[in-house]
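Proteins come first, then strands; the chains are lettered A, B, ... in the order of their sequence lines, and each starts at number 1.
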2 protein chains.
Amino acid sequence: MKQTKYQQIYNELSSSIQDGTYKPNSKLPSEHELADAFGTSRETIRKALNLLSQNGLIQKIKARGSVVLDLNRYEFPVSGLVSFKELSEKMNRSSRTIVHQLEKKIPCKWVREQLDLSDDSLVWHVVRAREIDGERIILDRDYFPVDYVPELTKSICENSIYDYLENDMGLTVSYAKKEIVVEEADEDDLLYLDLNEYKHVVVVRNYVYLNDTTLIEYTESRHRLDKFRFVDFARREKQ
Amino acid sequence: MKQTKYQQIYNELSSSIQDGTYKPNSKLPSEHELADAFGTSRETIRKALNLLSQNGLIQKIKARGSVVLDLNRYEFPVSGLVSFKELSEKMNRSSRTIVHQLEKKIPCKWVREQLDLSDDSLVWHVVRAREIDGERIILDRDYFPVDYVPELTKSICENSIYDYLENDMGLTVSYAKKEIVVEEADEDDLLYLDLNEYKHVVVVRNYVYLNDTTLIEYTESRHRLDKFRFVDFARREKQ
DNA sequence: CAGTGGTCTAGACCACGGG
DNA sequence: CCGTGGTCTAGACCACTGC
């Protein structure tokens, strides 16, 4: 994959920050100096610095410079779109995915509305339980329009469906809306999860869009209360 | 407040989208055309379009154009930093804030660590219950270092502390880390909230930073399970 | 093929912070 | 005052889309 110049500069600076070449609370060289050092224009340096800022590695302060942030203080921004596989790898836990359902069918009215489909469209319906350290903690219900995802197998579902869509199918996930609420546990939750005494689950509804604005996935992720954690790293935007 | 050119263009385009001048699923004029129309350079137009994209108003598609998104489909992105006051106004509900505690004190060890303070620093400790439609739903516990927020009154707490910090104190909130977990209700929750049968609360921990990277506020917002809702609009970033 | 958005350049002026 | 990051310009080339 061809990288742009500013992405390369971002990667270099990012590495230098993470290996301690630039220490927390110290300042990066100025944009002019970086432009000279990398033999590029200042606007290109600025794009790289904006990426660093968006990812929580530096803080730009007008008329003073770019301060390296202390990564340990914020942990790692697990904000935005994160798949179960990435998450469990990051947490370094033993994990397993159990596929309970995998079928093509005509969805119920509610799912049809969520996916904005016509009456006779087929969807893939996948139900998976996620086990971490021997406990079944998360129940995932996914719906994909068959038009966009013609083939889906058990082994794909046991790994990452994201990976499959992005790498094998060549689809580009562009943005997603997430909604987090708490609801009473339903039949599936009781059946497929180790809920212990808990009567409620945290429900994360995820609407995933491609870069041509079509909705390609609706997912409901149901978490046992005590194991749920969501981290958001928000930068105050202008206006 | 002096606005930049690209912010003005953002505002104009944003209005045109919201009043229907540009219809959902249609395309905006090309960047070259917009540059001519606004009598500016293309890079400036691109900054405005990037803002529109970040705010979920358009979707840029390479080699095709910028598509106007359907606002109703996503509701409004209530993502990122939102204060209780903004929220209740947006939801158009009758709401009230009850201040239970407002004192300067030496914080417990845990809060001192959260705020990264020295042993003898004083903090403001504020406890507020939030009532919506006659039910006490949210318990807010706020901690501010006295060094940064010398004065705080009951009436400020009944309105928005954010407003006070940003407008009256002239502090610029730059970014925030949010953590969402579910915990068992504690004594304060039972005392100050109408919890009904619920034994747990959704806890939103908020760490607020100024643009010089100092941590200026730690807030714990405790919500009754059934009334909690969090919406996140995430755009997949490059690399 | 022409038109699009993505990247990049080499300048420029500005507001602001600190010495 | 000088150096900083923020904004802005008028060009340029590229890869990609759709016709």
Would you say [X] reaches [N]'s phosphate, i.e. side-chain N/O to OP1/OP2 under 4.0 Å?
{"X": "A/Thr44", "N": "C/dT9", "result": "yes"}
{"X": "A/Tyr6", "N": "C/dC8", "result": "no"}
{"X": "B/Arg46", "N": "C/dG6", "result": "yes"}
{"X": "B/Thr40", "N": "D/dT9", "result": "yes"}

Nucleotide by nucleotide, nucleotides 14-19 of chain C touches protein heavy atoms under 4.0 Å in the pattern (B base, S sugar-phosphate only, - none) --BSS-
Length of the line joining [X]:[atom1] and [N]:[atom2], which is rounded to integer Å:
{"X": "A/Gln8", "N": "C/dC8", "atom1": "CD", "atom2": "C1'", "value": "13 Å"}
{"X": "B/Phe38", "N": "D/dT9", "atom1": "CZ", "atom2": "C1'", "value": "17 Å"}
{"X": "B/Asn50", "N": "D/dT7", "atom1": "CG", "atom2": "P", "value": "13 Å"}
{"X": "B/Ile45", "N": "C/dG6", "atom1": "CD1", "atom2": "P", "value": "14 Å"}
{"X": "A/Asp36", "N": "D/dG3", "atom1": "CG", "atom2": "P", "value": "14 Å"}
{"X": "A/Lys47", "N": "D/dT7", "atom1": "NZ", "atom2": "P", "value": "14 Å"}
{"X": "A/Ile58", "N": "D/dT4", "atom1": "CD1", "atom2": "P", "value": "15 Å"}

Worksheet entry | Any residue meeting ring pair (Phe, Tyr, Trp, His ring centres under 6.0 Å) with B/Tyr207, in chain and number order, not counting sequence neighbours |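 Once residues adjacent in sequence are excluded, the partners of B/Tyr207 under the ring pair (Phe, Tyr, Trp, His ring centres under 6.0 Å) criterion are B/Tyr218.
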Query raised in the report: Which is true for A/Ile61 with a 4.0 Å heavy-atom rule: it touches a base, it touches only sugar-phosphate, or it touches nothing?
Result: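 Sugar-phosphate, no base atom in range.
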Where along residues 26-35 of chain B does a heavy atom fall under 4.0 Å from DNA chain D?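 Per residue number, the list is empty: none.
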Please identify each residue that fulfils salt bridge (Lys or Arg N to Asp or Glu O under 4.0 Å) with [X], with sequence neighbours left out.
{"X": "A/Lys109", "value": "A/Glu113"}
{"X": "B/Arg205", "value": "B/Glu179, B/Glu183, B/Glu220"}
{"X": "B/Arg112", "value": "B/Asp119"}

In degrees rounded to 10°, what angle is found between the helical axes fit to the five outermost pairs at each end of the helix from C/dC1-D/dG18 to C/dG18-D/dC1?
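Angle reported: 10°, given to the nearest ten degrees.
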Quick one: list whatever passes side-chain hydrogen bond (donor to acceptor under 3.5 Å, both in side chains) with [X], sequence neighbours left out.
{"X": "A/Thr219", "result": "A/Asp142, A/Glu217"}
{"X": "A/Ser221", "result": "A/Asp140, A/His223"}
{"X": "A/Ser26", "result": "none"}
{"X": "B/Ser118", "result": "B/Asp120, B/Ser121"}

Q. Could you go step by step and tell me if A/Gln3 and A/Asn11 meet the side chain to side chain contact (heavy atoms under 4.5 Å, CB included) rule?
A. CA-CA 10 Å; A/Gln3 277 204 319; A/Asn11 288 334; 3.0 Å; yes
Determine whether the side chains of [X] and [Y] contain a donor N or O and an acceptor N or O closer than 3.5 Å.
{"X": "B/Tyr6", "Y": "B/Asn50", "value": "no"}
{"X": "A/Arg130", "Y": "A/Thr97", "value": "yes"}
{"X": "A/Thr4", "Y": "A/Gln7", "value": "yes"}

- So, do B/Ile216 and B/Val149 sit near enough that their side-chain heavy atoms are less than 4.5 Å apart?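 In contact.
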Check: Where the side chain of A/Lys5 is concerned, which of D/dC8, D/dG5, C/dC8 is the nearest nucleotide?
Finding: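 Among the listed nucleotides, the one closest to the side chain of A/Lys5 is C/dC8.
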- Which nucleotide in the list C/dG6, C/dT9, D/dC8 gets nearest to the side chain of B/Lys60?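 The closest nucleotide is C/dG6.
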Q. Is the closest basic N to carboxylate O distance between A/Glu31 and A/Lys60 below 4.0 Å?
A.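 A/Lys60 and A/Glu31: salt-bridged.
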Write down the protein N/O and nucleotide N/O pairs, taken from nucleotides 12-14 of chain D, whose separation is under 3.5 Å; answer none if there are no such pairs.
unit_1: D/dA12; atom_1: N6; unit_2: B/Arg42; atom_2: NH1; d: 3.3

